[in-house]
Undergrad: 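I'd like to ask some things about the structure below.
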Amino acid sequence: MKGRRQPVAYLYVLPALVVFAVFLGLPFLQTFEYSFYHWDGLSASTWAGLSNYRDVVADPQLRSAFGHALMLMVFYSVVPIVIALVLTALISRAHRLRGMSVYRTVLFLPQVIATVVVATMWVSIYSSHGLLNQVLRLVGLGSLARVWLGDYSTALVAIGLVGTWLNVGLCLVLFLSGVGNIAPTLFEAARLDGANTRQEFLAISLPALRGQIAAALTLTVVSALKTFDLVYVTTRGGPGTSTTVPAYEAYNRAFNTGQVGSAAAVAVVLTVLIMVVSALINRLQPQETA
Amino acid sequence: MRLSRREQIVDHLVLGLFALFAVVPLIGVLLSAVTPAKENEGSFAVPRRLALGNFGSAWDQGHFSTYMVASLVVTASVIVLTTMLGVLAGFAFARLSFAGSGLLFFVLLGGLLLPAEAFIIPLYFNLRGVGLTDTFLSLILPQTAQSLAFAVFWLRNQFRTFPSDIVEAARLDGARDLRVLWQVMVPASRAPIVTMCVLIGMWTWNEFLIPLVMISSDDRRTAPLGLTFFQGQHLNAYSLIAAGGVIVALPIVVAYFCLQKRFISGMLDGIADR
């Protein structure tokens, strides 16, 4: 079977490739083309050179959109991964617990619910009579209560915490299953050598989890960069421009404010960022399984 | 090595706490969805009486009946199309040798990383140019293209590890490639194909940006798009928004509870393989 060329193979891949090229590949290349023009979506376009890209750096609104994405990365990625790692150290053998599959199912549940539904859910949690303010009033911190998504100083953090809620269970499930794959004899040997839980975690679990940590980083960082649904439903970038993100700017400029070229440049920068970040994190991945 | 009593208690405490953290917002929506609309201020509260009529109101007045049909049509079409095209291409990449196969596979794989923002803007203007915007096709075809990257990758791995002697035996019996594929390899790979369909179904059902950009008529809105539209019009109708949210999420959540092992292992494998 090997070695012999089989031209018939092209017939097998052709349908998939055509659909892929027409609806994804080609438009992707056109995004680059668009980004070099000024265009309002209707009238004739004019050559823009690199000015749309210059704006990504120079336009304060775009710059802050990318800044917000960076901030979201902390809440989507750093916070859940740190929390999940600490918990994994604490309950490293929980994968053998009776009832673990029930916990796993529940912890994973937020992953399967449409972000749009998640967003409407958090809109009411953050509303003036919502759960967060209820809890604050209950513990005597009622003076802090506010409409969290409507406040310039808290809206972005409020969105970030939804990301934390989404990702912490995912990271925990991922890390616990990773620890479950470590040979139990390693832990037994460490115990015989008198290692405590912390030493055990640092010497055995953490190195063994490199692959899972890299995967969790990629997934969560990319999801922070791609954030769109959540912002669209909860704040539309507001109040003011305090919660705009690159994906929202790209959408809004292309389809609402008639700045198609600028939108394309934002989309290109965002895509390149996602590719670079994924490639960088991929280098953390242990080589033998890569 | 069994877990000590103390370790078990700590495990249950930690996992229980975080499971609660995951589930409280979801319980909040369920409660809100059955709270009488006039009494609902968006709080987390157990209603004094159950107003199951909220679901009926969302279904009829909120137009969720049409939104759900639209989502169903789009999701089913994407699953069928992606599986058919993905099986063919995955087989070729796994089992046939042809010039450029490495490069073509690499290009397809790139689709796994591409966010929808990377192609949606020109795609919209291309489809508008040929009059395809605001149709189901404008949702089905791009989402099939998006899903294909994953499907081809997944199925190629599957068909590669398929035992060669079975394929050879079928060939000796005179079966041609296409018959070997559909009558031997596909039935034997049913489990991973179901996992793939379940994941693609979830991603398609939950997709928001593509319908938001492509669709303008109310009767072609998908369920997530319909929900945001409804929310935008009735900001304080907490009961109906919650009921609508439950309706939108329900099919995927039910599938998740029935097939949780496939969902979780599929997503974790998918993550680990990237």
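When reading the values below, keep in mind they use all heavy atoms of this one structure, side chains included, and skip hydrogens, waters and symmetry mates.
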Undergrad: Can you give me the closest heavy-atom contact between A:F28 and B:F119, atom names plus distance?
TA: N-CB, 3.8 Å
Undergrad: Would you say the side chain of A:F108 lies within less than 4.5 Å of the side chain of B:F263, judging by non-hydrogen atoms?
TA: no
Undergrad: Above 12 or not: heavy atoms from other molecules or residues under 6.0 Å from CZ of B:R160?
TA: no
Undergrad: Do A:T105 and B:F257 have side-chain heavy atoms sitting under 4.5 Å apart?
TA: yes
Undergrad: Where does B:Q143 contact chain A at under 4.5 Å (heavy atoms): side chain, backbone, both or neither?
TA: neither
Undergrad: Answer with side chain, backbone, both or neither: which region of A:L14 has an atom nearer than 4.5 Å to a non-hydrogen atom of chain B?
TA: neither
Undergrad: Most heavy-atom pairs under 4.5 angstrom with chain A, which of B:A242, B:A19, B:A45, B:A249?
TA: B:A19
Undergrad: With a 3.5 Å distance limit and no angle check, can you tell me whether B:S43 reaches the backbone of A:H129 through a side-chain donor-acceptor pair?
TA: yes
Undergrad: I need the residue from B:L114, B:L104, B:V29 with the largest number of non-hydrogen atom pairs under 4.5 Å to chain A.
TA: B:L114
Undergrad: Of the backbone (N, CA, C, O) and the side chain (C-beta and beyond), which part of B:L13 lies under 4.5 Å from a heavy atom of chain A, both, or neither?
TA: neither
Undergrad: With a 4.5 Å heavy-atom cut-off, do B:P115 and A:I274 have their side chains touching?
TA: yes
Undergrad: Answer whether the closest heavy-atom distance between the side chains of A:T271 and B:E117 falls below 4.5 Å.
TA: no
Undergrad: Please flag which part of A:V266 lies under 4.5 Å from any non-hydrogen atom of chain B: side chain, backbone, both or neither.
TA: neither
Undergrad: Of all heavy-atom pairs between B:A99 and A:R5, which one has the smallest distance, and what is that distance?
TA: N-NH1, 3.8 Å
Undergrad: Over all heavy atoms of both residues, which pair between B:I121 and A:A264 is shortest? Give the atoms and the distance, please.
TA: CD1-N, 4.0 Å
Undergrad: If I compare all heavy atoms of B:P122 with all of A:P27, which pair ends up nearest, and what's the gap?
TA: CG-O, 3.3 Å
Undergrad: Please classify the contact between A:R98 and chain B as side chain, backbone, both or neither, with a heavy-atom cut-off of under 4.5 Å.
TA: backbone
Undergrad: Determine, stepwise, if the pair B:L227 / A:V233 fulfils side-chain contact (heavy atoms from CB on, under 4.5 Å).
TA: CA-CA 10 Å; B:L227 179 65; A:V233 175; over 6 Å; no
Undergrad: Should A:S124 and B:F44 be marked as a side-chain contact (heavy atoms from CB on, under 4.5 Å) after you check the CA-CA gap, both sets of side-chain angles, and the distance that decides it?
TA: CA-CA 9 Å; A:S124 54; B:F44 186 97; over 6 Å; no
Undergrad: Considering only heavy atoms, which portion of B:L181 lies under 4.5 Å from any heavy atom of chain A: side chain, backbone, both, or neither?
TA: side chain
Undergrad: Side chains of B:I120 and A:T31: does their closest heavy-atom pair fall under 4.5 Å?
TA: no
Undergrad: Measure B:A118 against the heavy atoms of chain A and call it side chain, backbone, both or neither at under 4.5 Å.
TA: both
Undergrad: CD1 of B:I140 to CZ of A:F23: how many Å apart, nearest 0.5 Å?
TA: 10.5 Å
Undergrad: For A:P110, is it the side chain, the backbone, both or neither that has a heavy atom under 4.5 Å from a heavy atom of chain B?
TA: side chain
Undergrad: Find the one option among B:I252, B:N126, B:V253 whose heavy-atom pairs under 4.5 Å with chain A are most numerous.
TA: B:N126
Undergrad: Against chain B, label A:I83 side chain, backbone, both or neither, depending on which of its atoms sit under 4.5 Å from a heavy atom there.
TA: side chain
Undergrad: Measuring heavy-atom distances to chain B, does A:L26 have an atom under 4.5 Å in its side chain, in its backbone, in both, or in neither?
TA: neither
Undergrad: Do B:D11 and A:L90 have side chains that get closer than 4.5 Å, going by heavy atoms?
TA: no
Undergrad: Flag the one option from B:Y238, B:F93, B:F125 with the top tally of heavy-atom pairs under 4.5 Å to chain A.
TA: B:F125
Undergrad: Using heavy-atom distances under 4.5 Å, tell me whether A:L172 contacts chain B through its side chain, its backbone, both, or neither.
TA: side chain
Undergrad: Can you tell which of B:L178, B:V152, B:V248, B:V23 has the highest number of heavy-atom pairs within less than 4.5 Å of chain A?
TA: B:L178
Undergrad: Looking at A:V106, A:L24, A:L131, which makes the most heavy-atom pairs under 4.5 Å with chain B?
TA: A:L24
Undergrad: Do any N or O atoms from the side chain of A:Q30 and from the backbone of B:L123 form a donor-acceptor pair under 3.5 angstrom?
TA: no
Undergrad: If you count heavy-atom pairs under 4.5 Å with chain B, which of A:A254, A:G99, A:G41, A:A263 comes out on top?
TA: A:G41
Undergrad: With chain B, which of A:S278, A:A16, A:A267 has the greatest number of heavy-atom pairs at distances under 4.5 Å?
TA: A:A16
Undergrad: Let me know if B:V14 has heavy atoms under 4.5 Å from chain A in its side chain, its backbone, both or neither.
TA: side chain
Undergrad: Measuring only between side-chain heavy atoms, which start at C-beta, is B:L212 closer than 4.5 Å to A:F228?
TA: yes
Undergrad: For residues 112-121 of chain A, tabulate all N or O donor-acceptor pairs below 3.5 Å that involve a side-chain atom, not counting sequence neighbours.
TA:
| from | atom 1 | to | atom 2 | distance (Å) |
| --- | --- | --- | --- | --- |
| A:T120 | OG1 | A:V117 | O | 2.8 |

Undergrad: Please state whether the side chain, the backbone, both or neither of B:V24 comes within less than 4.5 Å of a heavy atom of chain A.
TA: side chain
Undergrad: Quick one: pull up CD in A:Q111 and CE in B:M202 and give me the separation to the nearest 0.5 Å.
TA: 8.0 Å
Undergrad: Answer yes or no: is there a donor N or O on one side and an acceptor on the other, between the side chain of A:Q6 and the main chain of B:S97, under 3.5 Å?
TA: yes
Undergrad: Using non-hydrogen atoms only, which part of A:F32 is less than 4.5 Å away from chain B: side chain, backbone, both, or neither?
TA: neither
Undergrad: Counting only non-hydrogen atoms closer than 4.5 Å, does B:D177 touch chain A with its backbone (N, CA, C, O), its side chain (CB onward), both, or neither?
TA: both
Undergrad: Is A:S101 in contact with chain B via its backbone, its side chain, both, or neither, using a 4.5 Å heavy-atom distance?
TA: backbone
Undergrad: Kindly say whether the aromatic ring centers of A:F255 and B:Y124 come within a distance under 6.0 Å.
TA: yes
Undergrad: If I measure from the heavy atoms of chain A, does B:F21 come under 4.5 Å with its side chain, its backbone, both, or neither?
TA: both
Undergrad: Do the non-hydrogen side-chain atoms of B:E7 and A:L97 ever get within less than 4.5 Å of each other?
TA: no
Undergrad: Need one label for B:L148: side chain, backbone, both or neither, based on atoms under 4.5 Å from any heavy atom in chain A.
TA: side chain
Undergrad: If every non-hydrogen atom of A:W122 is compared with every non-hydrogen atom of B:P25, which pair is closest and at what distance?
TA: CZ2-CG, 4.0 Å
Undergrad: Measure A:V123 against the heavy atoms of chain B and call it side chain, backbone, both or neither at under 4.5 Å.
TA: side chain
Undergrad: Using heavy-atom distances under 4.5 Å, tell me whether B:F98 contacts chain A through its side chain, its backbone, both, or neither.
TA: both
Undergrad: With no hydrogens and no angle check, is any side-chain donor or acceptor of A:Y12 less than 3.5 Å from a backbone partner on B:L96?
TA: no
Undergrad: Begin from the C-alpha positions of A:M100 and B:L15 and carry the test side-chain contact (heavy atoms from CB on, under 4.5 Å) through to its verdict.
TA: CA-CA 9 Å; A:M100 182 59 210; B:L15 288 168; 3.7 Å; yes
Undergrad: What are the two closest non-hydrogen atoms of A:F20 and B:A145, and how far apart are they?
TA: CD1-O, 3.6 Å
Undergrad: What part of B:E41 gets closer than 4.5 Å to chain A, counting heavy atoms only: side chain, backbone, both or neither?
TA: both
Undergrad: For A:W165 together with B:F18, are the ring centres under 6.0 Å from each other?
TA: no
